[in-house]
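The chains referred to below are lettered A, B, ... by the order of the sequence lines, with proteins before strands, and numbering in each begins at 1.
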2 protein chains.
Amino acid sequence: MTDSIALDTVDLHILRLLQNDARTTYRDLAAEVGVAPSTCLDRVTRMRRTGVILGHQLRLDPARMGRGLEALLSVQVRPHRRELIGPFVERIRTLPESRALFHLTGPDDYLVHVAVADTADLQRLVLDEFTSRREVARVETRLIFQQWECGPLLPPSATTAGPGTCQASEPD
Amino acid sequence: MTDSIALDTVDLHILRLLQNDARTTYRDLAAEVGVAPSTCLDRVTRMRRTGVILGHQLRLDPARMGRGLEALLSVQVRPHRRELIGPFVERIRTLPESRALFHLTGPDDYLVHVAVADTADLQRLVLDEFTSRREVARVETRLIFQQWECGPLLPPSATTAGPGTCQASEPD
DNA sequence: TTTGAAACGCCGTCGCC
DNA sequence: GGCGACGGCGTTTCAAA
């Protein structure tokens with residue numbers, strides 16, 4: 001189900017360009033990659049159908065929206081049983097403050113990335129939505145000073161051998 | 001510089017729709033929101049210029065690209081001085097395995113979200129790129145069982161009072 | 001499977017309200 | 001500031017190779 005898909009040089013080149021700017025036109029993609037625009041459309045459509053491309057997302061600035069403070073909350077849920085964590089996950093997911101939620105190995109079961117207005121807002125969130133819940137045994141709050149998005153996501157160089165070569169041929 | 005921008009009902013409605021699918025056409029946005037397409041274009045252009053909208057990003061499935069294992073690495077850097085953390089951050093940012101990097105409060109200075117092929121690949125990454133660095137005092141590795149993207153990012157309800165109302169009027 | 005070209009539909013400026 | 005229309009362009013289809 002989650003098998004890795006064979007991606008050739010053209011696919012990877014397109015992915016790298018689209019990760020720089022997802023609004024790049026097929027016409028510009030084609031000029032850059034060296035194929036016809038219709039071919040680019042074909043490749044992108046295929047990668048959407050095979051699940052490599054999940055979707056196009058808008059990147060917003062939380063600070064410009066009145067959420068100038070971000071934090072990571074490590075949450076220990078006890079007892080860690082399905083009938084408790086189901087509602088917990090669903091509740092946390094739908095909070096307007098939540099940006100991402102991870103279920104992790106280790107002593108802290110969940111990590112929640114939240115964006116709030118200020119420290120008072122953060123305190124309210126932690127008290128009202130986390131520590132007040134019976135199944136939440138412990139919450140550890142860490143503020144985010146700074147964060148970086150990292151380079152384009154590409155397959156490992158030597159992996160995914162198969163019908164297509166899976167490494168980039170031309171650096172930027 | 002990072003003042004929150006006044007966003008009215010139309011802006012927020014557009015943002016919610018674009019966060020579902022960033023490729024929604026202005027024509028479809030207009031039909032949904034109840035204004036003219038040119039008005040939608042106007043609003044989006046303004047939000048791009050004011051920095052609310054940072055850009056359009058492609059969402060990919062790491063598993064389909066041969067990176068079926070994700071992990072969070074908590075890294076303690078000692079001594080925590082600018083001349084050491086600058087190159088460290090730059091190196092980690094440009095690793096093909098890195099997806100995101102956070103500078104945090106608390107005993108662990110950095111959190112790195114990585115995507116790798118398997119546990120052997122993860123071990124290689126930790127040994128070669130983290131514990132082998134002189135300034136890295138400690139690395140704690142936690143695997144990601146599951147992760148969730150959360151709802152659309154919107155301003156806090158009561159905050160950002162001003163010329164425009166900043167709360168959503170119509171639920172989906 | 002890629003391509004070139006043609007038809008369609010969207011974008012984005014503009015003048016007007 | 002929002003609206004409607006028009007010109008230009010990007011997208012998408014399709015038949016051929």
Spacing between A:Arg27 atom CZ and C:dA6 atom C1', to the nearest angstrom: 16 Å
Counting only heavy atoms not in A:Arg133, do more than 12 sit closer than 6.0 Å to its CZ atom? yes
Flag yes if A:Leu69 and A:Leu125 sit in one hydrophobic cluster, no otherwise; membership is Ile, Leu, Val, Met, Phe, Trp, Tyr, and two members link when side-chain heavy atoms are under 4.5 Å apart. yes
Length of the CG-C1' vector between A:Asp42 and D:dC14, whole Å: 12 Å
Decide whether B:Ile5 and B:Leu153 are clustered together by the hydrophobic rule: side chain heavy atoms of Ile, Leu, Val, Met, Phe, Trp, Tyr closer than 4.5 Å, transitively. yes
Aromatic contact, B:His113 with A:Phe102 (centres under 6.0 Å): yes
Length of the line joining A:Asp28:CG and C:dC11:P, which is rounded to integer Å: 16 Å
Round to a whole Å and report the spacing from CG of A:Leu29 to P of D:dT12. 12 Å
What does A:Thr39 touch in the nucleic acid at a heavy-atom separation under 4.0 angstrom: a base, only the sugar-phosphate, or nothing? base
Looking only at side-chain atoms of A:Arg46, point me to the closest of D:dT13, D:dA5, C:dT1. C:dT1
Atom-to-atom span, CG of A:Asp11 to P of C:dT1 - whole angstrom: 11 Å
Select base, sugar-phosphate, or nothing to describe what A:Arg43 touches, counting heavy atoms under 4.0 Å on all strands. sugar-phosphate
Please tell me which of the listed nucleotides, C:dC10, C:dT2, C:dT3, lies nearest to the side chain of A:Ala36? C:dT3
So what does A:Ser38 hit on the nucleic acid, given a heavy-atom distance under 4.0 Å: a base, only sugar-phosphate, or nothing? base
Tell me which nucleotide among D:dG10, C:dG12, C:dC11 gets nearest to the side chain of B:Leu41. C:dG12
What is the distance, to the nearest angstrom, from the CZ atom on B:Arg48 to the P atom on C:dC11? 13 Å
